[in-house]
Amino acid sequence: MTKPGAEHAAAGGAPESPDRSEHKNFIRDIIDQDLKTGKFAGRVHTRFPPEPNGYLHIGHAKSICLNFGLARDYKGLCNLRFDDTNPAREEVEYVESIMNDVRWLGFDWGDRLFYASDYFEQLFQFALRLIGTGKAYVCDLDADQVREFRGTLTEPGKDSPFRGRPVEENLDLFRRMRNGEFPDGSRTLRAKIDMASPNLNMRDPVMYRILRATHHRTGDTWCIYPMYDWAHGQCDSIETVTHSICTLEFTDHRPLYDWFLDALGIYRSQQIEFARLNLTYTVMSKRKLLQLVQDGRVTGWDDARMPTISGLRRRGYTPEAIRNFADRIGVARNESTSDVALLEDCLRDDLNKRAPRVMAVLRPLRLVIENYDDAGLEELDAVNNPEDHSKGVRKVPFSRVLYIERDDFRENPPKKYFRLSPGGEVRLRYAYIIKCVRVVKDKATGEVIEVRCTYDPGSKSGMQQSGRRVKGTIHWVSAAHALEAEVRLYDRLFTVEDPGGENWKELVSPHSLEVLKGCKVEPGLARVQAQDRMQFERLGYFCVDDESREGALVFNRAVTLRDSWAKIERQ
RNA sequence: UGCCCCGUCGUCUAAUGGCAAGACGGCAGACUCUGGAUCUGCUUAUCGAGGUUCGAAUCCUUGCGGGGCAGCCA
């Protein structure tokens, strides 16, 4: 291996330009139609509008791929806009992680980075306009009273006693709200719509609340903050977004957004709702993810078991795999739960083509080849990637004492077991056929601690040995040359497909992480870098963890290989 | 029991009034110096009832089922 590390970075480099989507969906149909009718003069302009109050997860990735993908495929634009209207929950840490994740996924917002807070003054002026036309009023009801007056799902609400306030008084009060003359929560600005509307969003929704909190961008400039429902449509309008794509729960809010836009008489984007992503064996709500972090059930937002972008990245997922997944699950208005097996398949599909192969023994069992020269040493050729021969071959050292996988030896082999057992033969990958002649056991426990074998010198890989074939091939590492490593085996975070419900925390899988120490890996791995991905032959795809150091290697298992033996054995 | 949204293989998505298709999963086999990859085959679906139509997964009515909405959250 000429340049260790460099070669293994093959599957971890800078994101390639995202491919065009092959699939159509109802949103593309709408856009095609709009293009045909000239609704937006041929423009396609989308936006991804996260609130910086948590880390992005795979569900956001679906939205990112959708919005940026549309812009890419229709030669349009996609903005990144932070919906930062609630300073009580938002932090710059989240802003930074979000930008990092979007970039890592392979998307570029160019010079179109925006914040709802960029428009606070404009929004204030818009509000003044609505007050001026009698379409908004200052309300002195407190939060509890507002709730009482709102009515219920089946009963209409009642008008606020402040609903009839004269325009001049509203203007004055609203300016004084901004000036900080009233305490938090004492007053709100409300839209004057219809307290009897069957759509609760239309029952005089709050536009502004008084809230003294330091905003991550505007500091203490403001003590009133716009509600999302008031801000969002106008932000889209200001940015001349054509197709404002959001999740299903905002369907009922669309009439409100349209009401604001009409009342203001400004440009109107077309809102289109789609079903958010759900995934089996995990949770997706930010609230629950935050709890997992706070309860210490995971090590952080970027724990490799988390469905966050940063977690998936740490786990070893590639941007390409995630983008492909987003493409393959499609987009619809159907509430659905995608199978995590599809996500895993996307990763295997990507890494199979790109990840270098390497030999690593996770649970070492000592194997001695009795008829191999004590001082013997060979450098054997091993293929770096059978799917891509341009990646060449490397040398791996072979000697008398090796480690093999404990799983690859059975003293009493079950039927259809193709690996090593007493008296049986097996091929050592890229080396010789060996035969097990006896085992050495721990006298106290009876556990097999060493396997003694003989090898067939004429069976070396590459030689044309007449008709010599054995059923199994196993991987190995030369004991004297092996590097020690820690390997973290990850499994699904939850034990059940749908960990919804009240007791979801008890469903966290105790097997979601297994840490293995004293693993043996081939010497070429000495100088791998964090994020390098590779296949450990016959085991799975692994990724160098951020905590890995030269001399203290740490690998994460991203996903296992398909294992048809495991299926047989389960039966 | 108000308003809104949604019901197609086990799962996800197509079929845009004209042969219900693909992917994942599952099962079986071929091949294999990774029980990997690859290849082949099989498996299984239009929620029900009416209506419109030569023809309905698609349009209409209705029933049933699932989901969302009563934050000064987004």
How close or far is atom P of G35(B) from atom CZ of Arg419(A), stated in whole angstroms? 7 Å
Look at the side chain of Leu342(A) and decide which nucleotide, out of C69(B), A74(B), A23(B), has an atom nearest to it. A23(B)
Measure the spacing between CZ of Arg190(A) and CG of Leu141(A) and express it to the nearest 0.5 Å. 6.5 Å
Among the candidates C3(B), C12(B), C4(B), find the nucleotide nearest to the side-chain atoms of Ser336(A). C12(B)
Would you please confirm or rule out a distance under 4.0 Å between OP1 or OP2 of U11(B) and any side-chain N or O of Thr280(A)? no
Are any of Arg209(A)'s side-chain N or O atoms less than 4.0 Å away from OP1 or OP2 of A74(B)? yes
Gln271(A) has an atom CD; how far is it from atom C1' of C4(B), in whole Å? 13 Å
Across all strands shown, which nucleotide pairs with C3(B) by Watson-Crick or G-U wobble geometry, both distances under 3.5 Å? G68(B)
Test your reading of the model: is there a side-chain donor-acceptor pair from Gln145(A) to the backbone of Asp142(A), 3.5 Å cut-off? yes
On the nucleotide G36(B), are OP1 or OP2 found under 4.0 Å from the side-chain N or O atoms that Ser564(A) carries? yes
OP1, OP2 of C72(B) versus side-chain N and O of Arg190(A): anything below 4.0 Å? no
Interatomic distance, Ile568(A) CD1 vs C27(B) P [rounded to whole Å]: 10 Å
For G71(B), does OP1 or OP2 lie under 4.0 Å from any side-chain N or O of Arg147(A)? yes
Find the distance Met207(A):CE to C73(B):C1' and express it as a whole number of Å. 17 Å
Using a cut-off of less than 4.0 Å, is there contact between a side-chain N or O of Lys24(A) and OP1 or OP2 of U16(B)? no
Quick one about His475(A) and Arg538(A) (side-chain donor to acceptor, distance below 3.5 Å, no hydrogens or angles considered), yes or no? yes
Any side-chain N or O of Asn86(A) under 4.0 Å from OP1/OP2 of C72(B)? no
How close or far is atom P of G25(B) from atom CG of Leu279(A), stated in whole angstroms? 15 Å
Taking 4.0 Å as the cut-off, does a side-chain nitrogen or oxygen of Arg150(A) come that near to OP1 or OP2 on C72(B)? yes
With the side chain of Thr251(A) defined as its heavy atoms from C-beta on, choose the nearest nucleotide among C4(B), G2(B), G35(B). C4(B)
For Glu335(A) and U13(B), what is the distance between atoms CD and C1' respectively, to the nearest whole Å? 16 Å
For a quick check of understanding: with a heavy-atom distance under 4.0 Å over all strands, which category does Leu211(A) fall into, base, sugar-phosphate or nothing? nothing
Nearest whole Å is fine: how far is C4(B) C1' from His253(A) NE2? 10 Å
Does a donor on one side chain sit under 3.5 Å from an acceptor on the other, for Asp388(A) and Ser390(A)? yes
Quick check for you: among G35(B), A74(B), C69(B), whose closest atom lies nearest to any side-chain atom of Trp565(A)? G35(B)
Considering only heavy atoms and no angle criterion, is a donor-acceptor pair shorter than 3.5 Å present between the side chain of Arg357(A) and the base of U34(B)? yes
Between Arg348(A) and C24(B), is there a contact of a side-chain N or O with OP1 or OP2 at under 4.0 Å? no
When the aromatic ring centroids of Tyr257(A) and Phe250(A) are compared, is their separation below 6.0 Å? no
List the steps, then state whether side chain to side chain contact (heavy atoms under 4.5 Å, CB included) holds for Val521(A) with Val487(A). CA-CA 10 Å; Val521(A) 305; Val487(A) 175; 5.5 Å; no
Output the rounded distance in Å from CD (Glu497(A)) to P (C12(B)). 10 Å
Just label G71(B) as syn or anti from its O4'-C1'-N9-C4 or O4'-C1'-N1-C2 angle, using within 90° of 0 for syn. syn
